[in-house]
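Here's the structure we're looking at; comments come further down.
Given the structure is predicted, the values throughout are model-derived calculations rather than measurements.
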Amino acid sequence: MMEQRRIGQTGLMAGVIGLGTWALGGEFWGPQDEREAAATLQRAFDLGVTLFDTADVYGNGRSEEIMGRTLREHRSQVAVATKVGWRGYDHQRRRSAYTSAAKVIAAVEDSLRRLAMDYVDIVFCHLDYRDAAMDNFLEGFRQLQTGGKARAFGVTTGDIAYLQEFNRDGDCAVLQVDYSILNRYPERDVLPYCLENGIGVLVRGPLAMGRLTGKLTPTSRFPNGDWRARWASSPAERELYLADLKVVDKLRPLARGRTVAQLALQFALAHPAVTAVIPGGRTPRQVEENVGAAAAPALSAAELQAIDRLVPPGGGRKIWPA
């Protein structure tokens with residue numbers, strides 16, 4: 001049975017390997033067959049995954065809809081998280097469309113309709129930096145929690161000041177943060193803050209958008225619609241991509257009894273602040289490999305030290321801004 005951990009002080013429990021469903025929405029990651037997306041979700045549940053993460057903008061709501069149809073009969077056995085905040089965002093003026101708590105509540109209620117669920121276990125503010133809407137999110141989330149439509153709420157960010165502000169009243173229960181062997185920035189301040197304040201941590205990007213799967217090469221090509229195609233088309237992006245692949249090559253000798261992806265997932269889970277990882281998966285096979293990290297040999301102190309020599313604690317770089 002997969003190891004279960006408590007999510008901060010929420011009272012919620014989750015298996016250490018969850019499933020992120022951005023790619024299942026079929027946007028920014030190339031085409032996604034809906035039947036395979038449903039099969040991926042079902043396979044994850046069958047393998048003991050109990051934590052599923054989505055967002056209203058993943059495939060413009062398609063990810064939520066597929067998740068709702070697939071998981072609603074298992075609702076009492078899973079923890080479902082969704083995120084709101086990016087819809088209608090004015091990027092030029094850095095201005096949110098959520099100009100009142102009522103609009104935040106309406107957005108979450110729209111997500112619930114797509115999910116065909118009465119409540120979500122966790123709702124996140126999807127914005128990754130502060131703007132004037134923060135108070136609206138906090139008030140809206142508190143009302144949703146009081147009304148039983150959200151069991152807990154949190155924020156997605158790697159910015160310590162933003163996290164501290166969002167938690168100014170001590171009721172931010174969960175953080176979702178990009179963290180991996182290639183991006184150890186959260187170790188500097190964000191993860192220690194969560195540990196000190198009892199905030200649960202769900203790690204997104206533990207495989208660095210596929211770079212830490214060990215399956216990408218300098219000649220890898222991405223399908224039309226996959227935003228990662230810029231890794232090859234932009235000279236600056238390609239330079240960073242190739243540098244990351246060199247780190248991955250040096251990780252391979254450490255992956256004894258594991259795949260490189262499983263090694264990467266275990267690395268993130270080894271931090272004492274981390275509750276669970278939510279790697280993406282587009283196929284049942286990918287889910288099977290990710291879930292296998294829960295049963296693979298734990299990283300030894302010597303292996304963690306070897307990783308430290310490749311990417312020092314607190315080092316690396318941000319793969320994704322949020």
Side-chain angles (χ1 to χ4, degrees), residues 1-5 14-26 29-33 35-54 58 63 66-67 70-71 78-79 178-183 202-217 220-223 226 228 231 241 244-245 247-271 274-300 303-304 307 319-320:
M1 181 178 177
M2 186 185 298
E3 178 190 354
Q4 303 289 303
R5 295 181 183 175
V16 293
I17 307 292
L19 178 63
T21 63
W22 183 12
L24 295 187
W29 293 83
Q32 175 69 42
D33 180 80
R35 288 171 298 182
E36 185 162 50
T40 300
L41 287 161
Q42 184 62 51
R43 184 59 177 152
F45 177 79
D46 292 342
L47 290 172
V49 172
T50 58
L51 175 62
F52 295 84
D53 177 78
T54 185
Y58 291 174
S63 172
I66 298 169
M67 184 181 292
T70 307
L71 296 180
V78 298
D178 186 88
Y179 173 55
S180 71
I181 291 173
L182 296 175
N183 173 21
L202 307 185
V203 171
R204 67 179 181 183
L207 300 179
M209 308 300 174
R211 299 184 191 209
L212 286 167
T213 61
K215 299 172 184 176
L216 298 181
T217 72
S220 291
R221 293 292 179 264
F222 301 98
D226 191 321
R228 294 175 300 172
W231 294 354
Y241 172 59
D244 287 341
L245 292 186
V247 174
V248 173
D249 283 340
K250 294 177 181 178
L251 289 171
R252 295 183 193 278
L254 299 176
R256 294 181 296 268
R258 323 172 187 90
T259 65
V260 173
Q262 290 168 348
L263 172 79
L265 295 177
Q266 287 188 329
F267 166 82
L269 288 170
H271 195 286
V274 171
T275 305
V277 294
I278 47 173
R282 300 189 63 175
T283 67
R285 188 177 183 85
Q286 289 175 350
V287 167
E288 290 163 3
E289 180 178 2
N290 292 342
V291 171
L299 295 179
S300 67
E303 288 169 330
L304 289 170
I307 292 172
I319 303 296
W320 189 254

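Salt-bridge check for Glu288 with Arg43: passed, with a basic side-chain N closer than 4.0 Å to an acidic carboxylate O. Note on Lys215 versus Glu289: salt bridge recorded, some NZ/NE/NH1/NH2 to OD/OE distance being below 4.0 Å.
Looking at Thr50, its side chain does come within 3.5 Å of a backbone N or O of Gly15 through a donor-acceptor pair. Put simply, the side chain of Gln266 gets close to the backbone of Pro297: a donor and an acceptor are under 3.5 Å apart. Thr70 places no side-chain N or O within donor-acceptor distance of the main-chain N or O of Met67, the cut-off being under 3.5 Å. Although no hydrogens or angles enter the test, the distance criterion places a donor-acceptor pair under 3.5 Å between the side chain of Thr21 and the main chain of Asp53. Between the side chain of Asn183 and the main chain of Asp178, a donor-acceptor pair closer than 3.5 Å is present.
In this structure, Tyr179 and Leu202 have side chains that are not in contact, with every pair of non-hydrogen atoms separated by 4.5 Å or more. Using a 4.5 Å heavy-atom cutoff, the side chains of Ile181 and Val248 are not in contact. Looking only at side-chain heavy atoms (C-beta outward), Tyr241 and Leu216 come within less than 4.5 Å of each other. In this structure the side chain of Pro279 never reaches within 4.5 angstrom of the side chain of Arg204, judged on heavy atoms.
The line from CD1 of Ile307 to NZ of Lys250 is 14.0 Å long, rounded to the nearest 0.5 Å. The structure places CG of Leu245 at 7.5 Å from OG of Ser220, a figure rounded to the nearest 0.5 Å. Rounding to the nearest 0.5 angstrom, the gap separating the CG atom in Leu207 from the CG atom in Leu182 is 10.0 Å.
Minimum interatomic distance between Ile66 and Leu24 (heavy atoms only, all atoms of both residues): CD1-O, 3.9 Å. Closest approach of Pro206 to Ser180, counting heavy atoms only: O-CB, 3.5 Å. Residues Gly257 and Ala296 come closest through the heavy atom pair O-CB, 4.4 Å. Between Gln286 and Arg282 the shortest heavy-atom distance is OE1-N, 2.6 Å.
A donor and an acceptor atom, one from each side chain of Thr283 and Thr40, are nowhere located under 3.5 Å apart. Remark: the Asp46 side chain and the Gln42 side chain contain an N/O donor-acceptor pair separated by less than 3.5 Å.
Geometrically, Arg211 engages Trp231 in a cation-pi contact, judged by NZ or CZ lying under 6.0 Å from the ring centre and within 45° of the ring axis.
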Candidate pair Arg258 and Glu303, rule salt bridge (charged side-chain N to carboxylate O under 4.0 Å, His left out), full reasoning: CA-CA 13 Å; Arg258 323 172 187 90; Glu303 288 169 330; 2.9 Å; yes
Derivation of the side-chain contact (heavy atoms from CB on, under 4.5 Å) call for Leu212 and Phe267: CA-CA 11 Å; Leu212 286 167; Phe267 166 82; over 6 Å; no
Stepwise side-chain contact (heavy atoms from CB on, under 4.5 Å) test for Leu19 and Ile278: CA-CA 5 Å; Leu19 178 63; Ile278 47 173; over 6 Å; no
Evaluation steps, side-chain contact (heavy atoms from CB on, under 4.5 Å), between Leu269 and Arg5: CA-CA 11 Å; Leu269 288 170; Arg5 295 181 183 175; 3.9 Å; yes
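Residue Arg252 qualifies as enclosed at atom CZ: its count of foreign heavy atoms under 6.0 Å is above 12.
Looking at Val203, Val16, Asn290, Val260 one by one, the single match for side chain to side chain contact (heavy atoms under 4.5 Å, CB included) with Leu265 turns out to be Asn290.
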